[in-house]
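Here's the structure we're looking at; comments come further down.
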Amino acid sequence: MSNKSSPLPKFLVDRYIHWKTSTYLKNELELKKLASSGQSPSTMVISCCDSRIHATSIFGADEGEFFIHRNIANLVPPYSPDGENHGTSAAIEYAIKELKVRHLIILGHQDCGGIKNGYYMHSNLVVFNYEFINKWLNILLPAFNKIQKDISKQKQIHQLEQESIKASINNLFSFPFIKKSVEDKNLSIHGLIHNIGTGDLKFLNPVTEDFENF
Ligand SMILES: [Zn+2]
């Protein structure tokens, strides 16, 4: 078998042609302007790969407004300049140093498969044979250690969703350029949890350190 790509499936080609002849045509001028001026997004969003999470939809954002990085369970690893490949850290570095975004949002969500797997893994309830995911979900360990263990599994997983965002925010501050940008008031960090079914969006209140409804 050769290492070649395949033609795009018809349903995707059809969707693209529809977009080009409708949405693109309607916004052609603005998109041309955006193409020549380059991007200048105000906000970076780190969200889960989960296909149900649409940060641009929730905030009504258009092209050029959000710099988005998605990974399993919307996690930020600790600052670790060890010469390895760090996709999330590279995206954060570009957003802060080059794009100079003013806001960085960690957008979590309820019923996150990554968080659930991390919970089962760290509880030693299930042994997963993933090649990459287990290592990635090790980032969750400090958050896992903070959750109450004498409550129902469902409540523990819900707590882990919340604690993981707090841990990721903590990890963000381990990046020297993030710490400096926040101290210089050039950047603000935000933690959010989205419930897809109800449409609710909870924010991490920095005073109470709880997630609250708007
Ligand atoms: Zn998820």
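Whatever order the structure lists ligands and atoms in, that order sets their numbers, starting from 1.
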Worksheet item: Is atom CD of Glu131 surrounded by more than 12 heavy atoms (other residues, nucleotides or ligands) closer than 6.0 Å?
Response: no

Distance-only criterion, 3.5 Å: show the donor-acceptor pairs between side-chain atoms of residues 64-76 and protein atoms not counting sequence neighbours.
residue : atom : partner : partner atom : Å
Glu65   : OE1  : Asp62   : N            : 2.5
His69   : NE2  : Thr88   : OG1          : 2.8
Arg70   : NE   : Cys48   : O            : 3.0
Arg70   : NH1  : Ile53   : O            : 3.2
Arg70   : NH2  : Cys48   : O            : 3.2
Arg70   : NH2  : Asp50   : O            : 2.7
Arg70   : NH2  : Ile53   : O            : 2.9
Asn71   : OD1  : Asn74   : N            : 3.1
Asn71   : OD1  : Leu75   : N            : 2.9
Asn71   : ND2  : Leu75   : O            : 2.9
Asn71   : ND2  : Thr88   : OG1          : 3.0

Discussion item. With a sphere of 6.0 Å drawn around NZ of Lys149, does it hold more than 12 non-hydrogen atoms of other residues, nucleotides or ligands?
Written reply: yes

Item to complete: Heavy atoms only: give me the nearest Leu160-Ile147 pair and the separation to one decimal.
Response: N-CG2, 3.7 Å

Response to the item:
Residues Leu201 and Phe59: closest non-hydrogen pair is CD2-CZ, 3.9 Å

Worksheet entry | Criterion side chain to side chain contact (heavy atoms under 4.5 Å, CB included) against His194, the qualifying member of Leu192, Ile196, Thr198 | Ile196

Discussion item. Inside 2.8 Å of the Zn ion (ligand 1) but strictly below it, how many protein N/O/S atoms are present?
Written reply: 3

